[in-house]
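Let me begin by presenting the structure, written as structure tokens, before commenting on it.
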Amino acid sequence: MTMRKICSLLLLLLIGSGAVSAKIITGKCGENLTWELNTRSGELVIRGEGDMRGYHHRPWADYGKKITSARFDDGVTRITYNCFAECPNLKNIEFPKSLESIGRDALDNTAWYKNQPDGVVYVGDILYKYKGEMPANTSIVVKEGTRRIEMGAFSGCSELVGVKVPTSVAQIENNAFYGCVALSNVEIPLSVTYIGYAAFMDTEWYKNQPDGPVYVGSVFYKYKGEMPEGTSVVIKEGTTCVTGYAFYDCKGLVDVQIPNSVASIDEAAFGGCMSLTKVELPQSLTTISMRSFERCSNLENVTMPNSVTSIQHSAFSGCSNLKTIEIPEAVTIIESGAFEKSGLTSLEIPNSVTQLGDGVVKDCAQLRCVKLPNTITSLDEQMFAGCVALESLEIPQSVTKINPRAFAGCVSLKEVKIPATVTAIGDFAFEGCVSLPAIKVPQSVKELGRGVFLNCAALTEVVLPDSLEVIPEAMFAGCVALPGINIPKTVTAIEDGAFVGCAGLRYVEIPPFVKSIGRMAFYACTGMEDIKLTPEVPPTIFDNTFSHIAIGQTGLVVNVGFIDIYSEAKGWENFSSFSEKAEDGTGATRMVKMTFKVPAVVD
């Protein structure tokens with residue numbers, strides 16, 4: 001038997017015995033969803049319930065060409081956009097019965113889609129897309145039982161002249177018929193309760209509509225044309241949806257009456273309505289969509305119903321005359337920038353809210369009083385950044401993390417109580433809080449970011465946790481009023497620029513376990529009088545670690561018996577001499593002022 005045959009038989013034996021096994025790769029693809037890929041069989045399984053997370057880079061993208069089949073657990077409700085963009089060999093897809101929506105182009109690059117015949121492609125009760133080149137003068141009758149027409153399903157089908165939608169359809173998504181320039185005959189039943197933004201833009205049908213309110217079935221689709229100044233609009237009873245951008249930049253709108261039949265007001269529906277002064281939202285509304293009232297600069301009064309459970313990002317951003325707003329007890333989520341740059345002077349967030357997004361009240365220049373719920377676990381990034389009138393805040397005991405720049409630029413902030421539940425404070429959290437005189441960082445804090453107190457010009461008193469191991473980069477940079485600080489004995493490193501520009505810093509003790517002091521750590525500490533060194537091994541320093549401190553003024557003190565060690569250590573030899581700390585009979589400490597051998601101006 002030849003060696004080649006022997007090797008082949010051995011390989012077959014190994015495969016049969018399981019020695020060559022499949023590689024199983026797993027990960028998360030949604031809040032309650034996981035994925036599992038068997039690289040040998042090529043099967044991808046999505047398990048769990050709920051929507052897939054939106055991705056620009058799919059988590060299985062690196063293995064896309066290995067995927068030949070996909071299966072979803074019942075319970076998966078959404079397949080995200082471009083989901084299988086890197087899966088050209090995906091032939092078999094088992095869709096779940098629970099599927100409610102499919103993101104744009106989710107399936108286009110798969111073998112499954114390529115094997116579908118030209119024409120309308122359905123996935124269960126969802127009309128996904130029109131595939132292939134459409135013949136001239138085409139009219140489409142959407143099949144009975146269809147529940148949803150997906151985003152961009154017929155977008156750019158220039159030969160489409162008519163469409164008839166059955167009563168089973170409830171939703172027509174964004175851009176569904178966008179750019180169907182010949183589409184003139186549209187039959188939409190009252191069963192359609194939602195139509196997305198630009199669904200019929202650039203169609204002959206829309207061009208033929210008269211200026212003013214345009215309805216599609218039970219949906220207020222768009223205010224067409226230029227709106228006259230001082231316009232009031234009464235949306236007709238029975239309307240179920242106000243489409244995204246329906247009144248966008250209608251600067252003449254002063255009043256709108258919305259019936260309780262309206263269950264959704266979509267993205268930026270009233271964005272830029274600069275003359276709108278008040279709005280009463282319908283009792284059936286559950287979500288205030290993203291940018292709904294963005295830049296409504298004269299909006300003063302918003303009546304929010306108890307049915308609302310979420311306020312999406314930038315919903316009231318730029319509403320500079322909105323001084324107060326009552327948030328219902330049913331609200332659980334307020335997303336990023338919801339009230340950014342608004343005129344709010346006070347805000348009480350109910351305990352029903354468990355999630356606050358980044359910059360919820362960022363740049364609210366008149367905000368003075370805030371009551372936070374005791375249900376949130378973090379202050380998200382830039383939450384209060386630029387709230388220049390905010391003077392004090394009590395952080396709830398439920399909070400465990402203060403994220404980056406949470407209070408950056410709060411120039412009037414004089415008092416903030418950090419609870420003992422907080423374990424981490426992010427980068428530049430209190431940057432530029434120039435009125436903050438004192439801060440106590442609780443013992444619970446294990447992680448401090450860069451520049452946490454950068455340019456806190458009034459800061460004179462700081463208490464740090466005993467367990468701190470690092471003084472991070474630029475942590476106290478620009479704290480010109482800070483006279484001294486007790487660095488915890490657990491600290492092992494003082495990073496770059498930690499105290500740069502602390503002109504009022506007169507005394508500092510370097511703890512015994514410090515191994516390194518970074519570049520420009522004490523740069524321009526021009527008021528420095530005493531530096532006490534307790535490490536037995538001289539910490540690593542750089543030429544500019546102590547640059548621009550007062551020549552002939554600063555005292556440098558080491559423990560008894562360590563003068564020779566320090567005077568010979570790299571960097572420390574720049575000092576002309578050292579004074580030993582010695583105890584006399586009374587326990588008093590003797591310190592002698594030191595000068596530098598060379599001018600301490602090396603950068």
- Message: Using a 3.5 Å distance criterion without hydrogens, assess whether the side chain of T286 forms a donor-acceptor pair with backbone atoms of V308.
- Response: no
- Has F542 got more than 12 heavy atoms of other residues, nucleotides or ligands less than 6.0 Å from its CZ? yes
- Measure from the side-chain N and O atoms of S98 to the backbone N and O of G75, and report whether any donor-acceptor pair falls under 3.5 Å. yes
- Residue pairs involving residues 506-526 (criterion salt bridge (Lys or Arg N to Asp or Glu O under 4.0 Å); sequence neighbours excluded): E509-K532
- Do any pairs count as a salt bridge (Lys or Arg N to Asp or Glu O under 4.0 Å) and have a residue in residues 285-300, sequence neighbours left out, and if so which ones? D249-R295, E267-R291, R291-E294
- Keeping the roles fixed (side chain from W60, backbone from E36), state whether a donor-acceptor pair exists under 3.5 Å. no
- Return yes when atom CZ of R368 has more than 12 non-hydrogen atoms of other residues, nucleotides or ligands closer than 6.0 Å, and no otherwise. no
- Query: Heavy atoms, side chains only, cut-off 4.5 Å: are T39 and I24 in contact?
  - Reply: no
- Answer yes or no: is there a donor N or O on one side and an acceptor on the other, between the side chain of T460 and the main chain of P437, under 3.5 Å? yes
- Within 6.0 Å of NZ in K401, more than 12 heavy atoms from elsewhere: no
- Message: With side-chain contact (heavy atoms from CB on, under 4.5 Å) as the criterion, how do L468 and D466 come out once you've worked through the C-alpha distance, each side chain's angles and the decisive distance to 0.1 Å?
- Response: CA-CA 6 Å; L468 194 65; D466 293 337; over 6 Å; no
- According to the side-chain hydrogen bond (donor to acceptor under 3.5 Å, both in side chains) rule, which pairs have a member within residues 468-491, sequence neighbours left out? none
- Query: Hey, mind stepping through I531 and V557 against side-chain contact (heavy atoms from CB on, under 4.5 Å) and telling me if it holds?
  - Reply: CA-CA 6 Å; I531 301 173; V557 181; over 6 Å; no
- Query: Is the backbone N or O of P96 less than 3.5 Å from a side-chain atom of D74, with the two atoms forming a donor-acceptor pair by type?
  - Reply: no
- Item | Of all pairs that satisfy side-chain hydrogen bond (donor to acceptor under 3.5 Å, both in side chains), the ones with a partner from residues 372-391, not counting sequence neighbours | K362-Q382, S378-D380, D380-N403
- ring pair (Phe, Tyr, Trp, His ring centres under 6.0 Å) against F339, all qualifying residues, sequence neighbours excluded: F316
- Is a side-chain donor or acceptor of Q312 paired with a backbone partner of M290 at a separation under 3.5 angstrom? yes
- Message: For the CD1 atom of I402 and the CD atom of E447, what is their distance to the nearest 0.5 Å?
- Response: 12.0 Å
- Steps toward side-chain contact (heavy atoms from CB on, under 4.5 Å) verdict (V370, L390): CA-CA 8 Å; V370 179; L390 187 66; 4.3 Å; yes
- Side chain proximity check, Q443 to L464, heavy atoms < 4.5 angstrom: no
- Message: Show, in sequence, the C-alpha distance, side-chain angles and deciding distance for I327 and L347, and conclude whether the side-chain contact (heavy atoms from CB on, under 4.5 Å) test is met.
- Response: CA-CA 9 Å; I327 299 174; L347 182 64; 3.8 Å; yes
- Give me the one residue out of S310, S307, S292 that meets side-chain hydrogen bond (donor to acceptor under 3.5 Å, both in side chains) with T287. S310
- Query: Do S289 and I265 touch side chain to side chain, with heavy atoms closer than 4.5 Å?
  - Reply: no
- Message: I want to check something: taking the side chain as every heavy atom from C-beta on, are I349 and L356 in contact at a cut-off of under 4.5 Å?
- Response: yes
- Is it true that W35 and F72 have ring centroids separated by less than 6.0 Å? no
- Message: When you measure from the side chain of T77 to the backbone of E100, do you find a donor-acceptor pair of N or O atoms at a distance under 3.5 Å?
- Response: no
- Message: Applying side-chain hydrogen bond (donor to acceptor under 3.5 Å, both in side chains) as the test, list every pair that has at least one member in residues 408-431; sequence neighbours left out.
- Response: D427-R450
- Message: My understanding is that only one of N351, L379, V353, V399 makes a side-chain contact (heavy atoms from CB on, under 4.5 Å) with L372; could you say which?
- Response: L379
- Message: The criterion is salt bridge (charged side-chain N to carboxylate O under 4.0 Å, His left out); which residues satisfy it with K278, sequence neighbours excluded?
- Response: D255
- Across all chains, not counting sequence neighbours, the ring pair (Phe, Tyr, Trp, His ring centres under 6.0 Å) partners of F384 are F407
- Query: Does T534 use its side chain to pair, donor to acceptor, with the backbone of I510 at less than 3.5 Å?
  - Reply: yes
- Around E394, counting heavy atoms of other residues, nucleotides and ligands shown, do more than 12 lie under 6.0 Å from its CD? no
- Query: So do the side chains of D51 and N32 get within less than 4.5 Å of each other, counting heavy atoms only?
  - Reply: no
- Task: Give a yes or no on whether the backbone of S297 and the side-chain of N321 come within a donor-acceptor separation of less than 3.5 Å.
- Result: yes
- What's the verdict on side-chain hydrogen bond (donor to acceptor under 3.5 Å, both in side chains) for S101 and R78, showing C-alpha distance, side-chain angles and the deciding distance? CA-CA 5 Å; S101 66; R78 175 171 171 78; 3.1 Å; yes
- For residues 342-382, the ring-ring contact (aromatic ring centres under 6.0 Å, His included) pairs (sequence neighbours left out) are none
- Name all pairs fulfilling the side-chain hydrogen bond (donor to acceptor under 3.5 Å, both in side chains) condition that reach into residues 330-347, sequence neighbours left out, sorted by first residue then second. none
- Query: Residues two or more places apart in sequence or in another chain: which of them pass side chain to side chain donor-acceptor pair (under 3.5 Å) with D496?
  - Reply: none
- Do any pairs count as a ring-ring contact (aromatic ring centres under 6.0 Å, His included) and have a residue in residues 449-480, sequence neighbours left out, and if so which ones? F430-F453, F453-F476, F476-F499
- Task: Would you mind reporting whether M520 and S547 have side-chain heavy atoms less than 4.5 Å apart?
- Result: no
